Amino acid sequence: METSTIRIAIRGLNEPWDTSRIPAILDEIEASLREEANVRARLTADSMTIAINVATDRLPDAAALLRDLGLI
């Protein structure tokens with residue numbers, strides 16, 4: 001299975017995302033992708049970005065949900 005990675009700059013996150021709680025943000029995004037878009041994703045973060053790895057064929061669904069969440 002091919003995967004694609006969506007990267008989001010942490011400094012670009014706005015309300016309601018609390019950048020001091022990155023683990024909670026990752027959990028919330030992962031749950032939203034799974035429950036609302038039926039997309040399985042692996043999320044990681046470093047000091048500057050959140051990386052969201054999804055199956056390439058699920059990329060449009062993941063991007064649509066992330067847009068709805070105000071992340072992209």
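What you see is a predicted model; the values in this text were computed from it and never measured.
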Quiz item: Between atom CD1 of Ile22 and atom CG of Leu43, what is the distance when rounded to the nearest 0.5 Å?
Solution: 11.0 Å

Quiz prompt | Separation of Thr49 OG1 from Ile8 CD1 (nearest 0.5 Å) | solution = 9.5 Å

Going by heavy atoms in the side chains, are [X] and [Y] under 4.5 Å from each other?
X	Y	result
Ile29	Leu65	no
Ile52	Leu66	yes
Ile6	Leu71	no

To check you understand the geometry: which heavy-atom pair defines the closest contact between [X] and [Y], and what is its length?
X	Y	result
Trp17	Leu69	NE1-O, 3.7 Å
Glu30	Ala41	OE2-O, 3.6 Å
Ala63	Ile72	O-CD1, 3.4 Å

Quiz prompt | Within residues 50-72 or reaching into it, pairs that qualify as salt bridge (charged side-chain N to carboxylate O under 4.0 Å, His left out) - sequence neighbours excluded | solution = Arg58-Asp61

Quiz item: Hey, which of Thr56, Asn53, Thr44 is the one that makes side chain to side chain donor-acceptor pair (under 3.5 Å) with Thr5?
Solution: Asn53

Self-check item: Other residues, nucleotides, ligands: >12 heavy atoms within 6.0 Å of Arg7 CZ
Solution: no

